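Below is one structure, written out as structure tokens; comments come after it.
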Amino acid sequence: MRLWVDHTTHYSFSAPAARGLQRLRLTPKTSAGQSIAEWKIGLEGARKEVEYDDENANHVTLIAFEPGVTEVTIRCEGVVDTNDNSGIVGNHAGYLPLWHFRQPTELTSTGPRVRSLLSGLAGKQDTLEKLHALSALIRGAVEYASGHTDTASNAEAVLAAGHGVCQDHAHVFIAAARALGVPARYVSGYLMMNDRVEQDAGHAWAEAMVDGLGWVGFDVSNGICPDPHYVRVATGRDYRDAAPITGIRYGAYDETLHVKLAVAQQRVEQ
């Protein structure tokens with residue numbers, strides 16, 4: 001499947017920004033199941049400083065605001081070819097050892113609610129079967145709904161709220177998988193939906209390491225393993241490692257953020 005993505009992030013500031021640096025993880029990975037046909041990042045009100053691959057093998061673009069800017073626009077546009085690998089990404093690659101993805105983080109720490117969730121897996125021995133069952137348990141315990149959590153909500157808080165979005169589902173899955181001794185990581189990216197082109201935000205899911213298969217994706221929010229409708233962009237131990245945009249800004253001003261995203265299938269010329 002050939003997917004076209006057009007993703008614009010626009011910032012408006014109430015007063016000129018003195019300085020600002022932002023780290024962009026907005027370039028998709030070339031990996032099993034997808035290849036990048038074309039991709040570009042356009043900037044207004046900012047300039048590119050440097051590009052590099054981080055510890056998770058995410059391609060990072062570091063940008064700086066133009067002095068005194070009141071608006072900044074970041075636009076990513078490109079085409080990605082995807083295949084159906086049943087969610088299997090394959091062998092581990094990158095700069096970090098697998099044990100790194102067994103370690104809890106602030107967002108994926110294990111507490112009484114995660115341990116209680118794991119009790120529902122009693123009797124399941126096969127790792128893959130156990131992870132699919134875990135995904136179903138989380139989907140039943142955390143109803144998909146916005147407004148109940150934020151980017152600082154950890155797995156325990158999400159289970160306590162009983163509501164969350166794709167980011168929250170991923171964090172609970174990762175926390176639980178790590179508690180089982182299974183390496184797990186967070187994935188940020190895009191999902192083409194069948195009922196719309198325009199979307200409010202990107203998507204997130206989790207991957208776990210399964211012996212004999214390698215990394216396997218689990219989208220708890222939709223109850224499936226990623227298929228050709230998905231574009232993998234960045235990975236990490238949790239959201240903070242794979243966030244599309246992070247950074248620092250200086251200046252006394254209020255900020256307004258507007259995101260515009262379109263994902264659609266593109267016809268492949270024969």
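Everything numeric in this text was worked out from a predicted model, so none of it was measured.
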Distance-only side-chain donor-acceptor flag, [X] / [Y], under 3.5 Å:
X: His203; Y: Asp219; answer: yes
X: Thr61; Y: His59; answer: no
X: Arg25; Y: Ser188; answer: no

Nearest-0.5 Å distance, [atom1] of residue [X] to [atom2] of residue [Y]:
X: Gln22; Y: Leu43; atom1: CD; atom2: CG; value: 9.5 Å
X: Ile88; Y: Leu213; atom1: CD1; atom2: CG; value: 4.5 Å
X: Leu62; Y: Glu51; atom1: CG; atom2: CD; value: 10.0 Å
X: Arg2; Y: Ser35; atom1: CZ; atom2: OG; value: 8.0 Å
X: Met209; Y: Leu131; atom1: CE; atom2: CG; value: 11.5 Å
X: Asp168; Y: Thr149; atom1: CG; atom2: OG1; value: 3.5 Å

For Leu96 and Asn56: C-alpha separation, side-chain torsions, deciding distance, then whether side-chain contact (heavy atoms from CB on, under 4.5 Å) applies. CA-CA 7 Å; Leu96 297 172; Asn56 288 294; 3.3 Å; yes
Is it true that a side-chain atom of [X] and a backbone atom of [Y] form a donor plus acceptor pair closer than 3.5 Å?
X: Glu71; Y: Gly45; result: no
X: Asn58; Y: Thr235; result: yes
X: Trp39; Y: Leu26; result: yes
X: Asp238; Y: Arg240; result: yes
X: Gln167; Y: Ala204; result: no
X: Asp227; Y: His229; result: yes
X: Asp84; Y: Ser86; result: yes
X: Lys29; Y: Ala57; result: yes
X: Gln265; Y: Met192; result: no

Does some side-chain heavy atom of [Y] sit less than 4.5 Å from a side-chain heavy atom of [X]?
X: Tyr239; Y: Thr151; result: yes
X: His169; Y: Asn222; result: no
X: Ser221; Y: Trp205; result: no

Same cluster or not: [X] versus [Y], using hydrophobic residues (I, L, V, M, F, W, Y) connected whenever any side-chain heavy atoms lie under 4.5 Å apart?
X: Val210; Y: Leu121; value: yes
X: Leu261; Y: Val187; value: no
X: Val220; Y: Ile174; value: no
X: Ile36; Y: Val89; value: no
X: Leu117; Y: Val158; value: yes

Check [X] against [Y] and note the closest heavy-atom contact, atom names and distance.
X: Thr110; Y: Ala175; value: OG1-O, 3.5 Å
X: Ser109; Y: Asn154; value: OG-ND2, 4.1 Å
X: Val142; Y: His163; value: CG1-C, 3.5 Å
X: Cys166; Y: Tyr144; value: N-CE1, 3.4 Å
X: Ala46; Y: Ile63; value: CB-CD1, 4.1 Å
X: Gly236; Y: Ala242; value: N-CB, 4.1 Å

Side chain to side chain donor-acceptor pair (under 3.5 Å) for His171 and Thr108? Distances and angles first, verdict last. CA-CA 6 Å; His171 282 150; Thr108 62; over 6 Å; no
Criterion side-chain contact (heavy atoms from CB on, under 4.5 Å) against [X], the qualifying member of [options]:
X: Arg237; options: Glu55, Arg185, Gln103, Glu106; result: Gln103
X: Val172; options: Ile138, Leu134, Leu107; result: Ile138
X: Thr27; options: Asp53, Val233, Val60, Ile41; result: Ile41

Ring geometry between Tyr190 and His7 (parallel below 30°, tilted from 30 to 60°, perpendicular above 60°): perpendicular
Parallel, tilted or perpendicular: rings of Phe101 and Trp215 (30°, 60°): perpendicular
Mark yes or no: Arg249 above the aromatic ring of Tyr11, with NZ or CZ under 6.0 Å from the six-membered ring centre and no more than 45 degrees from the axis. yes
Before giving the answer on side-chain contact (heavy atoms from CB on, under 4.5 Å), spell out for Thr82 and Tyr230 the whole-Å C-alpha distance, their side-chain angles and the decisive distance to 0.1 Å. CA-CA 8 Å; Thr82 61; Tyr230 291 70; over 6 Å; no
Please list, chain by chain and in numerical order, all residues satisfying side-chain contact (heavy atoms from CB on, under 4.5 Å) with Glu129, sequence neighbours excluded. Lys124, Asp126
With sequence neighbours excluded, what pairs up with Glu143 under the salt bridge (charged side-chain N to carboxylate O under 4.0 Å, His left out) test? none
Is atom CZ of Arg23 surrounded by more than 12 heavy atoms (other residues, nucleotides or ligands) closer than 6.0 Å? no
Start with the C-alpha gap between Glu77 and Arg75, add the side-chain angles, then the distance that decides, and say whether salt bridge (charged side-chain N to carboxylate O under 4.0 Å, His left out) holds. CA-CA 7 Å; Glu77 185 179 12; Arg75 184 181 181 186; 3.6 Å; yes
